[in-house]
Amino acid sequence: MRTFTTNDLLFLIDAAQYTLLLSIASLLLGGLLAIGVCLLRLSKDPVSRIIGTAIVTLGQGIPPLVLLFLSYFGLALSGINVSAFGASCLALSFFTAVYLGEIWRSSINALHKEQWEAAESLAMSWGQQMIYVIVPQAIKMALPPSIGFIVQLVKNTSLASIVGVLELTKAGQMVNNATFQSFEVFLVVSLLYFAICFPLSVLSRRLEARLFT
Amino acid sequence: MAYNFQFGWLTVYWERLLDGAFNTMLLTLISCIAGSLIGIVVGLCRQRGGLLLRTFGAIYVEAIRNTPLLVQAFLIYLGLASLGWRMDPIPAAMLALTINCGAYSAEIFRAGFASIKLAQHEAAEGLALSRTQSFFYVILPQALRNVWVPLTGQFVLILLATSIVSQISAEEISAAASQIQSETFRSFEVYMVLAVAYLILSILLKLLLQGIGNIAFRDRAPRISLTSISQGGK
């Protein structure tokens with residue numbers, strides 16, 4: 001048995017890069033999908049709206065861990081050969097799409113109806129209204145909760161350790177198995193997560209405070 | 001997709017899933033109630049406390065909200081055991097979920113207490129209520145009503161988060177599902193059933209909490225308006 005050393009710390013920091021990588025990949029893919037979810041939910045077509053609502057109900061009623069299992073085992077069944085990292089990224093992207101989509105939809109809905117009417121009276125098409133009038137205003141409102149959500153996303157990447165992705169939590173488990181100093185190891189792991197998440201939380205709060213002044 | 005979905009295993013294993021679902025509900029119930037109590041105390045500390053209480057409250061809330069529940073569960077189950085404080089999986093899971101729920105609901109209650117206007121405190125004082133009476137009869141009921149909707153959302157998130165404590169071998173529904181899939185090798189079907197189970201549980205919980213909210217926080221103000229009294233009490 002050996003003790004927890006600086007080398008282990010470096011190993012954990014190294015693995016934290018994969019936590020960041022998984023977070024960024026899921027954020028980019030999930031963000032793209034979120035636009036789709038948001039548009040489905042805002043759509044005037046009832047069928048699209050029902051599909052959007054169904055997606056959101058599924059995403060918010062099933063735990064991320066179960067989404068991860070479904071993606072991990074489901075992809076394998078359908079004959080697509082993806083790594084644990086790919087399966088985790090897919091599950092976390094879906095999770096991101098649902099929550100970000102809802103945040104963005106509520107930001108757009110929070111705008112006054114007059115904004116749409118004013119844009120329409122300038123003979124703008126629906127797309128133009130969205131791009132030139134609605135989205136620039138909604139972004140300001142959507143930014144603080146979106147950054148707050150990224151914190152949730154970073155924390156949920158820890159679930160990828162369960163299907164074997166070597167990220168921060170998995171690395172922590174490995175060091176723990178070698179040293180048996182569980183308390184110290186997981187305290188350091190927590191601190192590393194905190195170092196990633198806390199600045200984002202503060203940024204989210206600052207932006208929100210600025211919104212209301 | 002050339003794959004035959006088979007759900008025959010359900011006839012053999014459904015009781016295990018049901019037992020697991022019971023534990024999931026128990027974990028959710030206890031950690032939501034205990035977590036809310038922590039949330040009320042810490043929320044009050046952060047809203048009204050002195051510098052020391054405010055600082056401790058802030059450290060607790062930020063530490064929990066900026067680290068993953070999975071790591072918190074490892075820290076409590078494995079970490080405390082390595083320091084010599086051994087716990088069974090279910091109590092450890094309950095403790096982890098309660099501490100987690102406490103931090104999130106503290107923020108919700110802080111906002112709730114902040115939403116009570118100064119006039120309410122003054123009115124309570126004017127009725128010669130003590131500080132304790134004023135808190136329990138005037139401030140807390142109104143704060144609870146104001147935060148009920150976000151609190152409901154938080155409780156549903158806790159229900160979903162209970163899946164994570166399967167990783168410290170707490171015997172809830174996800175752990176039951178993992179055991180079943182390792183015995184039947186029907187991983188995808190098992191997790192589909194698990195997903196449906198969570199969907200049903202979360203929708204039921206949401207409806208239940210909305211129902212409680214509707215009954216408990218009905219507008220208690222007199223239904224007769226002043227004008228109708230002057231018109232003969234119609």
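Quantities reported herein were computed from a predicted structural model and do not represent experimental measurements. The figures here come from the full heavy-atom set of this structure, side chains too, leaving out hydrogens, waters and symmetry mates.
- Once rounded to the nearest 0.5 Å, the distance linking OG of A:S190 with CD1 of B:I64 reads 8.5 Å.
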Working for side-chain contact (heavy atoms from CB on, under 4.5 Å), residues A:F186 and B:Q72: CA-CA 8 Å; A:F186 287 116; B:Q72 291 162 13; over 6 Å; no
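- Contacts with chain A were tallied for B:A177, B:A63, B:S187; B:S187 has the most, counting heavy-atom pairs under 4.5 Å.
- Going from atom NZ of B:K206 over to atom OG1 of A:T57 covers 7.0 Å, rounded to the nearest 0.5 Å.
- For B:L83, the part sitting under 4.5 Å from any heavy atom of chain A is the side chain, from C-beta outward, and nothing else.
- Around CZ of B:F56, the count of heavy atoms belonging to other residues, nucleotides or ligands within 6.0 Å does not exceed 12.
- A:R205 has a carboxylate O that lies under 4.0 Å from a charged side-chain N of B:E62, or vice versa, which qualifies the two as a salt bridge.
- By the ring-ring contact (aromatic ring centres under 6.0 Å, His included) test, A:F149 pairs with A:F95, A:Y99, sequence neighbours left out.
- At least one side-chain heavy atom of A:F73 sits under 4.5 Å from a side-chain heavy atom of B:Q181.
- Distance check, rounded to the nearest 0.5 Å: CG of A:L65 to OH of B:Y198 gives 7.5 Å.
- The contact between B:T67 and chain A is made by backbone and side chain atoms together, counting heavy-atom distances below 4.5 Å.
- Other residues, nucleotides and ligands place more than 12 heavy atoms under 6.0 Å from the CZ atom of A:F198.
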Step-by-step side-chain contact (heavy atoms from CB on, under 4.5 Å) determination, B:V71 to A:Y193: CA-CA 9 Å; B:V71 179; A:Y193 274 110; 3.8 Å; yes
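- Partners of A:F69 according to the ring-ring contact (aromatic ring centres under 6.0 Å, His included) rule, which considers only residues two or more places apart in sequence or in another chain, are B:Y191.
- Both the backbone and the side chain of A:L58 come within contact range of chain B, with heavy atoms under 4.5 Å apart.
- In this structure, chain B has a heavy atom under 4.5 Å from the side chain of A:Q152, while its backbone stays farther away.
- Counting non-hydrogen atoms of neighbouring residues, nucleotides and ligands closer than 6.0 angstrom, the CG atom of A:N81 reaches no more than 12 such neighbours.
- Nearest heavy-atom pair, A:S158 versus B:P68, reported as atom, atom and distance to 0.1 Å: OG-CB, 3.4 Å.
- Here B:Q167 contributes atom CD and A:T169 contributes atom OG1; the two are 11.0 Å apart, rounded to the nearest 0.5 Å.
- Interatomic distance, CG of A:L200 versus CG of B:N66, reported as 8.5 Å (0.5 Å rounding).
- Taking all atoms of both residues into account, the shortest heavy-atom contact from B:S163 to A:P63 is OG-CB, 3.4 Å.
- Within a 6.0 Å radius of CZ in B:R48, other residues, nucleotides and ligands contribute more than 12 heavy atoms.
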B:F74 vs A:Q173, side-chain contact (heavy atoms from CB on, under 4.5 Å): CA-CA, chis, key distance, verdict: CA-CA 9 Å; B:F74 284 149; A:Q173 284 174 302; 3.2 Å; yes
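- Counting heavy atoms of neighbouring residues, nucleotides and ligands inside a 6.0 Å radius, atom CZ of A:R210 does not exceed 12 of them.
- The parts of B:L80 that come within reach of chain A are both its backbone and its side chain, each placing non-hydrogen atoms under 4.5 angstrom from that chain.
- Side-chain contact between A:L70 and B:F188: present, with at least one pair of heavy atoms (C-beta onward) separated by less than 4.5 Å.
- Counting heavy atoms from C-beta on, the side chains of B:L69 and A:K155 never come closer than 4.5 Å.
- Only the side chain of A:S161 comes within less than 4.5 Å of a heavy atom in chain B; its backbone stays farther off.
- Heavy atoms closer than 4.5 Å to chain A are found in the side chain of B:S166, but not in its backbone.
- Rounding to the nearest 0.5 Å gives a distance of 9.5 Å between OG of B:S202 and CD of A:Q60.
- Highest contact tally toward chain A, considering only B:L194, B:L75, B:L78, is held by B:L75 [criterion: heavy-atom pairs under 4.5 Å].
- Options A:N156, A:V151, A:V66 differ in how many heavy-atom pairs under 4.5 Å they form with chain B, and the most are formed by A:V66.
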